[in-house]
2 protein chains.
Amino acid sequence: MRVSQNGGAARDPDAVARFVEEFALLLNESGIPRMPARTLAALMVDDRGRLTAAQLAEQLGVSPAAISGAVRYLMQVQLIVRKREPGDKRDHYSLLDDPWYEAIMSRDKELVRWQSMLEEGARAAGVDTSAGRRLSQARRFFAFVHAELPGLMDRWRAQEQRG
Amino acid sequence: MRVSQNGGAARDPDAVARFVEEFALLLNESGIPRMPARTLAALMVDDRGRLTAAQLAEQLGVSPAAISGAVRYLMQVQLIVRKREPGDKRDHYSLLDDPWYEAIMSRDKELVRWQSMLEEGARAAGVDTSAGRRLSQARRFFAFVHAELPGLMDRWRAQEQRG
DNA sequence: TTCTAACTTCACAACTTTGTGAAACCAGTG
DNA sequence: CACTGGTTTCACAAAGTTGTGAAGTTAGAA
């Protein structure tokens, strides 16, 4: 009976289930709705990073309907994909190949919306006002981050290849 | 009557109010609760970046109780500060000097929590498992971003001084 | 000290989100 | 085509969030 000395290769199901719920809370705090967050966390702890809807429902202890809504959201924000093998009746939901890269890029696309809204806000407040200048600076900040992202990801990749 | 040709210094109150609500929705999508998001947006469009609780309540059309809860949250996550002048009965709530810098740093502190949780998750899944390795990589990713932040902020500052 | 402006806390109604079970739909198999 | 496994949609109850009004607390001024 493997109790808690999980220093090796063995998976500790209780600890894993706990991690899923706790990590899902973090994801939820970042704006991902509850069920999608739990679903994403469940995929992350799966060895192949892919599960069927029925497996997700079983592992998370929820109904198939809840999974249906969750995966719809995660596909919409491009954090997972749906696949089906020929001859198989079941959908498989998978993490992307480089999930964090995709998550960052997906969030970056979202920040384009922020930028245009900040531009509108600056105009509304008056471009020569202090508030207008503050909003313009915020816009420039996000544009700056946007420009820095490719380099950042390149450096990340280089580091991972090296280590 | 200034209608909509807001190309100059003049503030368009209707457009500003609209911006506040729309920008607050974006902030809310990022995980900031509704009322704190609206409150932060209201501070951002104020010329001095500071307002009293009563002013916030008036501008957002809500009760003082709602402002009380909102500013408590924003102070807790270190997005605003409370100040009071000697002899004044009123609290003033202010944006920080460099709000986006502070927001990023505040979020970075939060990501330390993510890192330790991912480490636990990797251990729970088994360090030699595919899932364990995926979670470890995620942890390394956040550590990498953490290490890159000072450089990023330096470059941002340099760009703003230059231009 | 009294007065009261300014803000906070509390109980709770209203609204939103969440996830269910049942029904409906889709698609693979024989 | 019929059958049914697998998933989605829908109506809705339950749980959670939000913001209010009233009461309570704090602190500045006289």
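To find a chain, count down the sequence lines: A is the first, B the second, and so on, and within it residues start at 1.
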Q. Within 45° of the ring axis of A:Phe142 and under 6.0 Å from its six-membered ring centre, is that where the NZ or CZ of A:Arg113 lies?
A. no

Taken to the nearest 0.5 Å, the spacing of B:Thr52 OG1 from B:Arg50 CZ works out to 10.0 Å

To the nearest angstrom, the CG-P distance between B:Leu27 and D:dT18 comes to 14 Å

In numerical order, the residues of residues 33-42 of chain B whose heavy atoms come under 4.0 Å of DNA chain C are none

Here the distance between atom P of C:dA6 and atom CZ of B:Arg82, to the nearest Å, is 15 Å

Between B:Arg11 and B:Val45 the two heavy atoms that sit nearest each other are NH1-O, 2.6 Å

Value for CZ (B:Arg82) from NE2 (B:His92), rounded to nearest 0.5 Å, stands at 12.5 Å

When rounded to the nearest 0.5 Å, the distance separating CZ of A:Arg107 from OG of B:Ser30 is 5.0 Å

**Study point:** Lys/Arg N to Asp/Glu carboxylate O, B:Arg123 vs B:Glu119, below 4.0 Å
**Key:** yes

Note: contacts of residues 45-78 of chain B with DNA chain C (heavy atom, under 4.0 Å) are B:Ala53, B:Ala54, B:Pro64, B:Ala65, B:Ser68, B:Arg72

From CG of A:Asp91 across to C1' of C:dC25 the rounded distance in Å is 13 Å

Protein-proximity profile, nucleotides 24-30 of chain D, B/S/- by nucleotide at the 4.0 Å heavy-atom cutoff, equals ---SBS-

Using modelled atom types and a 3.5 Å cut-off, is there a donor and acceptor pairing between side-chain atoms of B:Arg134 and backbone atoms of A:Met44? yes

For the residue pair B:Ile104 and A:Phe141, establish whether any side-chain heavy-atom pair is separated by less than 4.5 Å.
yes

| said: Distance to the ring centre below 6.0 angstrom and angle to the axis at most 45 degrees; does that hold for B:Arg157 and B:Tyr101? | reply: yes

Between A:Asp46 and A:Arg48, does any side-chain N to carboxylate O distance fall below 4.0 Å? no

